[in-house]
Amino acid sequence: MKHYPLKETTFQAKSEAFSIPYEDVLNTAQYEAVTTLQGPILVIAGAGSGKTRTVTYRVARLIEEGIAPESILLLTFTRKASQEMLRRAATLLDHRCQNVRGGTFHSFANFTLRKYAQESGFESGFNILDRVDSEDVINLLRGWLKLNVKDRRFPRKKTIANIYSKAMNKGVSVEDVVFDDYPNFARDIPDLIRLHEAYGIHKQKHLLMDYDDLLVYLKTLLQANKQVRERLSRVHRYIMVDEYQDTNMIQADIVRLLADTHDNVMVVGDDSQCIYGFRGANFGNIMDFPDIFPGTKLVKLEENYRSTQPILDLTNVIINKAQRKYTKVLFTQKKDGAPPALIMAKDERMQSEFVVQRILELREEGVPLDEIAVLFRSGFHSFDLEIELNRSNIPFIKVGGFKFMETAHIKDVLAHMKVLANPKDSVSWHRILLLLEKIGPKTANEIFRQVLSSAKDVGGLTTVRPKPGYAKSFERLRDMLEDLVQNPFLPVAEIGERVVDYYRPILEKRFDNHPKRSKDLVHLLSIMERYNNVEKFLSDMALEPPNASVGNVMATDYEDEQLVLSTIHSAKGLEWHTVFVIWTLEGRFPSIYATRNADEMEEELRLMYVAASRAKELLYFAYPINIYDRGTAMVLCRPSRFIEGISEDILESWSLTSQEQIDYLEW
DNA sequence: GTCACTGATCACATT
DNA sequence: GATCAGTGAC
């Protein structure tokens with residue numbers, strides 16, 4: 001078929017009447033944001049100011065104006081966020097909203113880079129490295145470059161991965177990151193630079209991309225290739241970016257490049273809620289937006305619909321401690337409510353008991369369990385509480401912390417599927433070969449080398465002559481993979497099934513708790529059922545893994561009413577009737593590591609602000625005292641500096657009293 | 001070369 | 001609790 005290009009029409013005939021009464025259901029600022037469809041627009045949206053609502057209605061409005069859903073691109077922080085917005089938009093209007101392109105920057109990059117593989121200089125069959133994988137690659141290279149055989153200690157792989165990632169995300173050199181954040185490794189800089197170069201080359205050679213590469217290669221593609229840029233820009237005529245305060249420079253550049261031909265960009269964000277600075281997020285992006293997009297219309301959403309006035313009073317006090325002047329003042333119509341409270345517990349156990357007891361009372365009072373959340377700075381802060389909740393039979397789901405996808409047995413199974421998708425994948429080969437008895441790093445490397453040089457992909461295994469010590473297990477692996485190569489059109493779950501069958505004896509030998517892990521594998525297989533394409537499945541597992549942590553993944557399927565335990569980072573954008581923030585203890589929150597640096601301290605403050613502003617009706621801060629910190633050899637016993645010394649009428653202090661004491665006092 | 005020990009060291013947040 | 005370097009037995 002021949003395509004005959006018509007001159008571009010920006011607008012179709014505007015329909016006379018809209019099916020949605022926008023003017024009646026939105027406030028003035030929201031209405032303005034929703035109905036400004038052309039040109040750049042910056043929406044500063046305070047916590048609880050109806051940001052999701054605004055984006056949702058704007059999607060509906062665009063479609064009602066006759067714009068093709070496929071030409072709208074909605075970039076969000078998590079896939080869940082975009083799905084939720086599009087689902088709501090579909091309820092407002094109709095199913096057309098589901099055709100809007102939505103997802104994270106990373107998933108968009110993944111899709112685009114595979115589609116434009118030729119132009120991007122990276123073949124499309126690449127595998128994505130999650131954090132653990134990229135640490136493993138670094139570890140391999142560190143061994144090969146003999147950087148770990150030194151008299152002094154070389155940084156650990158996790159630290160190295162952090163350094164490299166930060167350098168990429170901030171767009172600065174490895175040297176600068178080390179000087180700023182890890183001065184103790186200053187003398188390792190030459191080696192770290194050497195290793196970094198090797199890491200880059202290795203990834204390219206073996207078709208591996210880490211999270212940062214996805215963004216960097218996308219940006220480079222858009223920058224270097226005018227045709228691709230213009231094509232993508234014309235396809236995505238209306239761009240919306242959520243959580244703009246947590247984008248980094250690369251992402252801001254990508255937005256600029258994508259909007260090349262039209263400047264139709266709406267970004268939504270709140271500078272007070274930037275909490276990903278450690279990953280290169282730059283809330284300066286918000287301030288700079290009007291400079292990058294001249295003619296930007298600025299809209300501020302300042303009416304808060306979430307919290308009561310007492311809660312808002314407190315969050316205002318918190319954010320007022322920020323050095324950077326904040327850009328908006330929130331107000332609410334919900335005047336009445338209980339003041340937030342600060343609770344001191346004499347130890348961690350008592351903190352947990354308080355939370356549990358209060359939750360039980362709230363449930364009595366009719367607050368549904370899934371309207372209550374317990375938030376904390378770090379994943380491990382909830383361990384003791386989890387024990388207490390289990391004892392009291394309170395069902396909960398934990399978000400953030402240690403991930404299902406990062407457990408060894410899940411990664412083992414995925415690695416087998418990854419070598420099928422990309423036979424050059426060095427880490428995955430290494431991983432699956434090391435599972436075999438009598439095969440260590442040396443032998444694994446030798447086998448992998450032979451497979452690569454055979455140019456027969458996975459079939460190269462047949463050219464390997466195994467030593468008698470490991471021949472039997474090696475042949476089992478070879479036959480299993482061979483068989484899968486012969487049947488390239490098997491359903492994803494069928495491939496998974498065969499891998500799991502192969503893997504199960506290994507699992508049972510390696511792990512004492514294999515029955516539990518075996519259940520995880522069954523669950524993994526059930527996830528595979530939803531896919532008809534291995535590549536898509538593997539990408540999703542790297543980019544959008546199930547968010548719940550270990551042990552909870554299956555529970556989510558049948559428990560409908562559960563308490564939420566979450567890191568504050570993972571609680572972004574959410575809200576609950578009652579919020580507990582635990583471990584608001586100076587030294588834990590702010591974290592002891594942040595006290596050196598004013599910028600990091602400021603980010604901790606914003607984090608506290610995010611935590612507090614999740615609450616609709618009730619808000620409690622709890623902290624245990626007499627906590628010994630091994631790192632500094634200090635006893636921590638003061639409440640967080642962010643909530644200390646606030647007057648009683650804004651933040652009440654509660655002291656926990658035993659029944660005995662009450663009896664005595666009342667007598 | 002592999003494997004199963006040891007003891008010293010160090011821990012945040014996430015796509 | 002995980003990671004990592006070092007050790008000695010096969």
Side-chain angles (χ1 to χ4, degrees), chain A residues 75-81 103-110 128-132 134-136 139 142-143 147-162 165-166 168-169 181 184 209-215 243 246-248 250-251 274-281 375-381 383 399-403 405-406 408 433-434 436-446 467 469-470 510 539-545 547 549 566-572 583 587-595 600 603-604 606-608 610-611 629-632:
Chain A
L75 293 170
T76 53
F77 205 71
T78 62
R79 183 176 53 177
K80 233 177 107 191
T104 62
F105 276 91
H106 290 86
S107 64
F108 178 71
N110 176 44
I128 297 170
L129 302 171
D130 67 16
R131 200 42 186 268
V132 179
S134 66
E135 284 169 16
D136 287 346
N139 206 31
R142 183 172 59 175
L147 293 177
N148 48 351
V149 286
K150 284 263 183 56
D151 47 342
R152 62 168 190 272
R153 219 178 168 85
F154 201 62
R156 34 184 66 207
K157 57 181 179 184
K158 202 172 177 151
T159 314
I160 302 173
N162 267 332
S165 183
K166 206 161 187 179
M168 298 304 269
N169 281 303
D181 298 340
N184 47 323
M209 276 217 196
D210 64 24
Y211 291 137
D212 307 327
D213 290 331
L214 288 168
L215 300 181
E243 308 281 11
D246 281 319
T247 56
N248 62 30
I250 308 174
Q251 289 166 318
C274 173
I275 54 175
Y276 281 88
F278 68 92
R279 178 175 114 179
L375 307 182
F376 33 84
R377 175 72 179 82
S378 309
F380 67 91
H381 287 166
F383 288 167
V399 188
F402 194 52
K403 300 285 180 2
M405 280 302 149
E406 287 171 6
L433 289 169
L434 283 179
L436 306 180
E437 302 263 305
K438 309 282 182 210
I439 293 184
K442 290 276 168 100
T443 314
N445 196 30
E446 179 56 27
K467 294 209 180 84
Y470 56 81
R510 292 179 82 86
S539 297
D540 271 13
M541 290 308 105
L543 296 176
E544 312 276 356
N547 198 19
S549 52
S566 175
T567 59
I568 299 168
H569 284 90
S570 296
K572 184 181 166 109
W583 281 103
R588 285 294 145 83
F589 188 5
S591 153
I592 223 149
Y593 306 101
T595 46
E600 284 177 36
E603 181 152 318
E604 297 280 312
R606 292 193 295 267
L607 197 55
M608 183 65 90
V610 169
D629 183 79
R630 277 220 303 271
T632 51

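Because only heavy atoms are used, hydrogens play no part in the values below, and waters and symmetry mates are left out as well, while side chains stay in. Naming convention: chains lettered A, B, ... in sequence-line order (proteins, then strands); numbering from 1 in each chain.
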Q.
Using a heavy-atom cut-off of 4.0 Å across all strands, would you classify A:K157 as base, sugar-phosphate, or nothing?
A.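 The residue A:K157 makes sugar-phosphate contact but no base contact.
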
Anything under 3.5 Å between a protein N or O and an N or O of nucleotides 2-4 of chain B, put it in a table, one pair a line.
residue : atom : partner : partner atom : Å
B:dT2   : OP1  : A:G440  : N            : 2.7
B:dT2   : OP1  : A:G440  : O            : 3.3
B:dT2   : OP1  : A:T443  : N            : 3.0
B:dT2   : OP1  : A:T443  : OG1          : 2.3
B:dT2   : OP2  : A:K442  : N            : 3.3
B:dT2   : O5'  : A:G440  : N            : 3.4
B:dC3   : OP1  : A:K438  : N            : 2.6
B:dC3   : OP2  : A:I439  : O            : 3.4

Q) Which of parallel (below 30°), tilted (30 to 60°) and perpendicular (above 60°) describes A:F278 and A:H569? A)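 Correct class here is perpendicular.
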
What is the separation between atom [atom1] on [X] and atom [atom2] on [N], rounded to the nearest whole Å?
X      : N      : atom1 : atom2 : answer
A:E406 : C:dT3  : CD    : P     : 11 Å
A:N169 : B:dT14 : CG    : P     : 15 Å
A:K166 : B:dT15 : NZ    : P     : 17 Å
A:I275 : B:dT14 : CD1   : P     : 9 Å
A:R588 : B:dC12 : CZ    : P     : 11 Å
A:R279 : B:dC12 : CZ    : C1'   : 14 Å
A:M541 : B:dT15 : CE    : P     : 13 Å
A:F154 : C:dG6  : CZ    : C1'   : 19 Å

Q) So, do A:Y276 and B:dA13 meet the stacking rule of ring centres under 5.5 Å and planes under 30°? A)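 According to the criterion (under 5.5 Å, under 30°), no, A:Y276 does not stack.
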
Can you tell me if the side-chain N/O atoms of [X] get under 4.0 Å from OP1 or OP2 in [N]?
X      : N      : result
A:S570 : B:dT14 : yes
A:S107 : B:dT15 : no
A:R142 : C:dC4  : yes

Please name all residues satisfying salt bridge (charged side-chain N to carboxylate O under 4.0 Å, His left out) with [X], sequence neighbours left out, ordered by chain then number.
X      : value
A:E135 : none
A:D213 : A:K203
A:E600 : none
A:R588 : A:D629

(Q) If you assign each of A:R131 and A:R156 to its closest nucleotide in DNA chain B, which residue comes earlier from the 5' end? (A)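 The residue closer to the strand's 5' end, by nearest nucleotide, is A:R156.
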
Q: With sequence neighbours excluded, tell me which residues meet side chain to side chain donor-acceptor pair (under 3.5 Å) with A:E437.
A: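 Once residues adjacent in sequence are excluded, A:E437 has no partner under the side chain to side chain donor-acceptor pair (under 3.5 Å) criterion.
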
(Q) Could you work out, with side chain to side chain donor-acceptor pair (under 3.5 Å) as the rule, every residue matching A:T443, not counting sequence neighbours? (A)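 For A:T443 there are no side chain to side chain donor-acceptor pair (under 3.5 Å) partners, ignoring immediate neighbours.
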
Q) Of all the choices, B:dC10, B:dT15, B:dC12, which nucleotide is nearest to the side chain of A:S591 once you look at every atom? A)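 Closest nucleotide among those given: B:dC12.
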
Q | Minimum-distance nucleotide (side-chain atoms of A:Y211 versus B:dC12, B:dT14, B:dT15) | A |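 Between B:dC12, B:dT14, B:dT15, the one nearest the side chain of A:Y211 would be B:dT15.
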
(Q) Looking at A:A161, is its backbone amide N or carbonyl O close enough to the side chain of A:R131 to form a donor-acceptor pair, meaning the two atoms are under 3.5 Å apart? (A)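 Judged by distance alone, yes, a pair lies under 3.5 Å.
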
Q: Spell out, as yes or no, whether a donor-acceptor pair under 3.5 Å connects the side chain of A:D246 to the backbone of A:Y276.
A: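 Present.
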
Q. Using Watson-Crick and G-U wobble pairs with both distances under 3.5 Å, what is the 5'-to-3' dot-bracket string of DNA chain B, with [ ] for crossing pairs and | for pairs outside the strand?
A. ||||||||||.....

Q: List for me each residue that meets side chain to side chain contact (heavy atoms under 4.5 Å, CB included) alongside A:K166, sequence neighbours excluded, and say none if there are none.
A: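 Testing A:K166 for side chain to side chain contact (heavy atoms under 4.5 Å, CB included), a comparison that skips the adjacent residues, returns A:K170, A:V177, A:D181.
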
